[in-house]
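Input: a single structure, listed below in structure tokens.
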Amino acid sequence: MRKTLNFLYDASAWLAGLCMIVLLAMVVTTILGRLLGFPVGGIDSYAGYAMAGAGFLALASTLKKGEHIRVTLVLGMLKGQRRRGLELTALSIAVLLAGFLAFYSARLVWQSWLFQDISTGIDATPMWLPQTLMATGTLVFLIAFLDEFFLELLGKTRQDTPKDQHHE
């Protein structure tokens, strides 16, 4: 199971990286279009979709690598069961919030597909296509928080966290 989860997090990170490469290509194309005088209408919308995809798809990987910003002032003062209790409480809230985010992101994709919603720009893209990147990212993020919650519940330290951030 651990290999499958790590593969999921890594695949999501690679897709985020791919979105960044696509974003770069679109920015370069826009710059070249302006310099050389050829039209590239609608490409800014796709650049925005790629940026959103990169951001959401990278969430789970950064969480699992311990690279999310955490306020550890109170946590650092606690030891043993109190610290574990606070961790479990925080992770429970995070799972709940990530669950809402994943649910409503998926619902947005479904509604956009159902109502055949298209972008208002010149590109007229079916909105469910770029929204799928967001929904996928939020779903993998939810899975990562559930993973963290169960690791904490079972008393296991996070394997992907830098050594200075391991908890007891």
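Because only heavy atoms are used, hydrogens play no part in the values below, and waters and symmetry mates are left out as well, while side chains stay in. A quick note: this is a predicted structure, and the numbers were derived from the prediction, not measured. Count residues from 1 along the sequence.
Not counting sequence neighbours, the partners of A102 by the side-chain contact (heavy atoms from CB on, under 4.5 Å) test are T138, L142. For L88, the side-chain contact (heavy atoms from CB on, under 4.5 Å) test picks out R84, F149, E152, L153, with sequence neighbours left out. Every residue was checked against the salt bridge (charged side-chain N to carboxylate O under 4.0 Å, His left out) condition with D117, not counting sequence neighbours, and none meets it. Residues that satisfy the side-chain contact (heavy atoms from CB on, under 4.5 Å) test with L59, not counting sequence neighbours, are F56, H68, F141. I93 meets the side-chain contact (heavy atoms from CB on, under 4.5 Å) test with T89, L97; sequence neighbours excluded.
For the pair T136 (side chain) and T132 (backbone), a donor-acceptor distance under 3.5 Å is present.
When all heavy atoms are compared, the tightest approach of Y9 to S61 is O-CB, 3.8 Å. The two atoms that bring C19 and L57 nearest to each other are SG-CD1, 4.1 Å, heavy atoms only.
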Could you give me the CA-CA distance, side-chain angles and deciding distance for M127 and T120, then say whether side chain to side chain contact (heavy atoms under 4.5 Å, CB included) is met? CA-CA 10 Å; M127 290 307 296; T120 58; over 6 Å; no
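L151 and L154 fall into different hydrophobic clusters, where Ile, Leu, Val, Met, Phe, Trp and Tyr are joined by side-chain heavy atoms under 4.5 Å apart, directly or via other members. When the side chains of ILVMFWY residues are joined at heavy-atom separations under 4.5 Å, either directly or via intervening members, V95 and L63 end up in a single hydrophobic cluster. Residues M51 and M134 are members of separate hydrophobic clusters, defined by side-chain heavy-atom contacts under 4.5 angstrom among Ile, Leu, Val, Met, Phe, Trp and Tyr.
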Let me have the donor-acceptor pairs involving side chains of residues 105-112, under 3.5 Å, with sequence neighbours excluded, atom names and distances please.
{"from": "S105", "atom 1": "OG", "to": "L101", "atom 2": "O", "distance (Å)": "2.7"}
{"from": "S112", "atom 1": "OG", "to": "L108", "atom 2": "O", "distance (Å)": "3.0"}
{"from": "S112", "atom 1": "OG", "to": "Q131", "atom 2": "OE1", "distance (Å)": "2.7"}
{"from": "S112", "atom 1": "OG", "to": "Q131", "atom 2": "NE2", "distance (Å)": "3.3"}

Can you give each donor-acceptor pair under 3.5 Å made by side-chain atoms of residues 21-45, sequence neighbours left out, with the distance rounded to 0.1 Å?
{"from": "T29", "atom 1": "OG1", "to": "A25", "atom 2": "O", "distance (Å)": "2.7"}
{"from": "T30", "atom 1": "OG1", "to": "M26", "atom 2": "O", "distance (Å)": "2.9"}
{"from": "S45", "atom 1": "OG", "to": "D123", "atom 2": "OD1", "distance (Å)": "3.4"}

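Residue pairs meeting the salt bridge (Lys or Arg N to Asp or Glu O under 4.0 Å) criterion with at least one partner in residues 6-32, sequence neighbours excluded, are D10-K65. Among pairs with a residue in residues 14-27, none fulfils salt bridge (Lys or Arg N to Asp or Glu O under 4.0 Å), at least two apart in sequence or across chains.
Between I118 and T125, every side-chain heavy-atom pair lies at or beyond the 4.5 Å cut-off. Counting heavy atoms from C-beta outward, M20 and L15 have side chains that stay 4.5 Å or more apart.
Hydrophobic cluster membership of L96, counting Ile, Leu, Val, Met, Phe, Trp and Tyr whose side-chain heavy atoms lie under 4.5 Å apart directly or via other members: F100, F103, Y104.
Between the CZ atom of F7 and the CZ atom of R2 there is a distance of 15.0 Å, given to the nearest 0.5 Å.
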